[in-house]
Engineer: 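Let me begin by handing over the structure; questions about it come next.
Note on naming: letters A, B, ... go to the chains in the order of the sequence lines (proteins, then strands), and numbering restarts at 1 for each one.
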Number of protein chains: 2
Amino acid sequence: MRTASVKDVADRAGVSVGTVSNVLNNPDRVAERTRERVQSAIADLGFVRNDAARQLRAGHSRTIGLVVLDAANPFYAALARGAEEEATRHNFSLLLASSLQDADREHRYIDLFEEQRVQGLLLSPVGETAARVADLAGHGVSTVLVDRDAEAETYGSVSVDDVHGGRIAVEHLLETGRRRIAFVAAETELRQVADRWRGARDAVAQEPSAGASIELVEAHSLTTLGGRAATLSLLEREPADIPDAIFCANDLLATGALQAFIMDGRYRVPDDVALVGYDDIEFASSAIVPLTTIRRPAEELGRTAVRMLLGDTASEHTVFRPELIARASTGSR
Amino acid sequence: MRTASVKDVADRAGVSVGTVSNVLNNPDRVAERTRERVQSAIADLGFVRNDAARQLRAGHSRTIGLVVLDAANPFYAALARGAEEEATRHNFSLLLASSLQDADREHRYIDLFEEQRVQGLLLSPVGETAARVADLAGHGVSTVLVDRDAEAETYGSVSVDDVHGGRIAVEHLLETGRRRIAFVAAETELRQVADRWRGARDAVAQEPSAGASIELVEAHSLTTLGGRAATLSLLEREPADIPDAIFCANDLLATGALQAFIMDGRYRVPDDVALVGYDDIEFASSAIVPLTTIRRPAEELGRTAVRMLLGDTASEHTVFRPELIARASTGSR
DNA sequence: TCGTAGCAATGAAACGATTCAAAGCTGAGA
DNA sequence: TCTCAGCTTTGAATCGTTTCATTGCTACGA
């Protein structure tokens, strides 16, 4: 037994297919009695609209494609949730894929989405994608890059001002009286990390009394274990050389740093050392010492990207300002 | 300018549309020179297959729908990743949606997926869905429930034996010499939590020397803060009444319990108290005291569900055994 | 030279929903 | 009774791909 089509519904209700289509899409154009007859035929046959036929006729789908680096990463998970929410509000659905930082996978997904004639594409790109994205624009697929700023005019972008984020983190430390600051980071060649480092140095440079200093401490990775190891080695210094504040490139590093202080036992957070993280992951507020951090508005990024795509602003460049969330780890309360 | 169709490609290459289609789908049926001509026409025009037309003709899509309770939850994120991976291996793509525990949202997504003529549906259901799923089966959409066991024959299921999980957690504690066990949990009416509790009691009941006991300690929620608060109140007891082992219904609770012990400072993990979590989230291995836990094979669940759907076993019921991951928090170094 | 096997290429039909110009109907007013 | 406006309904054409029965062609053996 095949699934029912509009034709079957039309036959059973004794009307034409055009009328059935109108019941589905323009109910007010159909007389009430007819509409009821058609609707009960639909129910009887268990008719379900065939979206493929619909799309074929329409020439495009009500779908948006989103390719992120890793959907399991909480930041991108939140971004995807925001995008999904906004898409649903506009009666669109969201197709989600993870490139896992693999350019091949990324290309495969882009191709797939193009075959599906998605309305638009949200992309957190692995490497250089300018050419590919220009291609897409040529085919009429508008694209918005997420978590990456861009200058091109063929596509838009939403990103976070990480220079600003680094600056407000360190400004906060300076304001609360800290003077010897360490920036703990890994993968410093990543644009995100490099920008935070730059903002941090800017803040120190602009400190009026000029009594502050900042140094870079490299961890082996952007993880809890990386932060713990880097901090433990920092703690081997002479007491006089121990910083009075640590700014970590993300919350995982900061969590590891906090563990290191607890394991070592000699210095207390925030009394002896202040600690600032970055991202405001869920865990930051429930750490042993709740973590002061810089929040990136992940859901908002997703929502905005979708709005840009569906609105007529798909070639603008929106930059979000991250926000300081002051908690106990810098003694603020 | 419209996007190119097979017709346009055929015209430019000087062949018929049937031949173009064969180049795309059965290249070996086409003579080499013709194939090359068609391929360069495809490249010249930037032709991209229209998936909607393809699906319409085929009668079904190469897509699988997955509706989970919350895609941002690490467990479901991992499950989705496993499903996605397996789907890709079979040249299918995965459509992911979160019901956010809302039955309405769940239904909307199921309808949407049905309109898209998905090949099959993976569902981690909110409430009672037997009727709806039977409906789907009637329309020829096979369904596999995930993280939920079922008895019905119209659909399959993949789930985890949480009774077993509770049992091996407590058996491990008993084997390492612990005798007074607390089970810290919240939302005890959830099937998953109730099963773990049952397994835990079974293990105590079967302890040969009969010298062991277990009690339920309720937390306000299945979170880090819940675990911390519940453990802190436990620590207000007389020293003689403090358990020598705590089994938490998930890793977040266990993380909170660990924080409580560190904040309190009187008892050490694992020397004075052993600690076991559940799920093996990423954070478990990088806690201050690495956490012994029960791993649920989330990715494997996803992979298996997809395999069942695409194979001919879409009405079986697969139950996975969770696995003990022994780490420092139970003294197993 | 004829017949034929076998490979290549053809192109009309089909999938199912939507669109839109045209036709049908009803009732009010002349 | 006739006309016309306004509301309903009709149904052929369309979207782009795949399928498959048919046709065209080549080369080989008789």
Engineer: Applying side-chain contact (heavy atoms from CB on, under 4.5 Å), run through A:Leu122 and A:Phe113 and close with a yes or a no.
Structural biologist: CA-CA 11 Å; A:Leu122 266 39; A:Phe113 287 161; over 6 Å; no

Engineer: Restricting to salt bridge (Lys or Arg N to Asp or Glu O under 4.0 Å), what partner residues turn up for B:Arg108, sequence neighbours left out?
Structural biologist: none

Engineer: Nearest heavy-atom pair of A:Pro125 and A:Leu69: which atoms, and what distance?
Structural biologist: O-CD2, 4.2 Å

Engineer: Of all the heavy-atom pairs spanning B:Gln119 and B:Leu310, show the shortest one and how long it is.
Structural biologist: CG-CD2, 4.2 Å

Engineer: I need the NZ-P distance between B:Lys7 and D:dT17, as an integer number of Å.
Structural biologist: 12 Å

Engineer: Looking at residues at least two apart in the chain, or sitting in another chain, which of them share a side chain to side chain donor-acceptor pair (under 3.5 Å) with B:Asp70?
Structural biologist: none

Engineer: Measure the distance from CG on B:Leu56 to P on D:dT17 and round it to the nearest whole Å.
Structural biologist: 12 Å

Engineer: Categorize A:Thr19 for me: base, sugar-phosphate, or nothing, with a 4.0 angstrom heavy-atom threshold over every strand shown.
Structural biologist: base

Engineer: Quick one: A:Arg54 CZ to D:dG16 P, roughly how many Å, whole number?
Structural biologist: 18 Å

Engineer: Sugar-phosphate atoms are those with a prime plus P, OP1 and OP2; base atoms are the rest. Using that split, label each nucleotide of nucleotides 19-27 of chain D B, S or - for protein heavy atoms under 4.0 Å, 5' to 3'.
Structural biologist: B--------

Engineer: Could you work out how much the helix from C:dT1-D:dA30 to C:dA30-D:dT1 bends, comparing the axis of its first five pairs with that of its last five, to 10°?
Structural biologist: 70°

Engineer: What residues from residues 32-41 of chain A pass a heavy-atom cutoff of under 4.0 Å to DNA chain C?
Structural biologist: none

Engineer: With DNA chain C as reference, determine whether B:Asp28 or B:Ala53 sits nearer its 5' end, using the nearest nucleotide of each.
Structural biologist: B:Asp28

Engineer: Show every donor-acceptor pair shorter than 3.5 Å between a side-chain atom in residues 139-146 of chain A and any protein atom, with sequence neighbours excluded, or say none if there are none.
Structural biologist:
unit_1	atom_1	unit_2	atom_2	d
A:His139	ND1	A:Asp135	O	2.9
A:His139	NE2	B:Gly46	O	2.9

Engineer: Identify whether any heavy atom of A:Val20 sits under 4.0 Å from a base atom; if not, whether one sits that close to sugar-phosphate; answer base, sugar-phosphate or nothing.
Structural biologist: nothing

Engineer: Considering residues at least two apart in sequence or located in another chain, which fulfil the side chain to side chain donor-acceptor pair (under 3.5 Å) criterion with A:Gln116?
Structural biologist: none

Engineer: Of all residues at least two apart in sequence or in a different chain, which pass the salt bridge (Lys or Arg N to Asp or Glu O under 4.0 Å) check with B:Glu316?
Structural biologist: none

Engineer: So where does chain A start and stop touching DNA chain C, 5' to 3', when the test is distance under 4.0 Å to a non-hydrogen atom?
Structural biologist: C:dG16 to C:dT19

Engineer: So how far is it from B:Arg37 CZ to B:Thr19 OG1, rounded to the nearest 0.5 Å?
Structural biologist: 9.0 Å

Engineer: Taking for each residue the nucleotide of DNA chain C with the nearest heavy atom, is it A:Arg49 or B:Val15 whose nucleotide lies nearer the 5' end?
Structural biologist: B:Val15

Engineer: With sequence neighbours excluded, tell me which residues meet salt bridge (Lys or Arg N to Asp or Glu O under 4.0 Å) with A:Arg105.
Structural biologist: B:Glu84

Engineer: Within this structure, what is the NE2-to-P distance between A:His60 and D:dG16, rounded to whole angstrom?
Structural biologist: 12 Å

Engineer: Between B:Arg296 and B:Asp162, does the side-chain contact (heavy atoms from CB on, under 4.5 Å) criterion hold? Intermediate values first, please.
Structural biologist: CA-CA 9 Å; B:Arg296 292 198 288 167; B:Asp162 283 316; 4.1 Å; yes

Engineer: List in chain and number order the residues that pass side chain to side chain donor-acceptor pair (under 3.5 Å) with B:Glu85, two or more places apart in sequence or in another chain; answer none if no residue qualifies.
Structural biologist: B:Arg303

Engineer: Can you sort out the partners of B:Gln39 under side chain to side chain donor-acceptor pair (under 3.5 Å), two or more places apart, ordered by chain and number?
Structural biologist: none

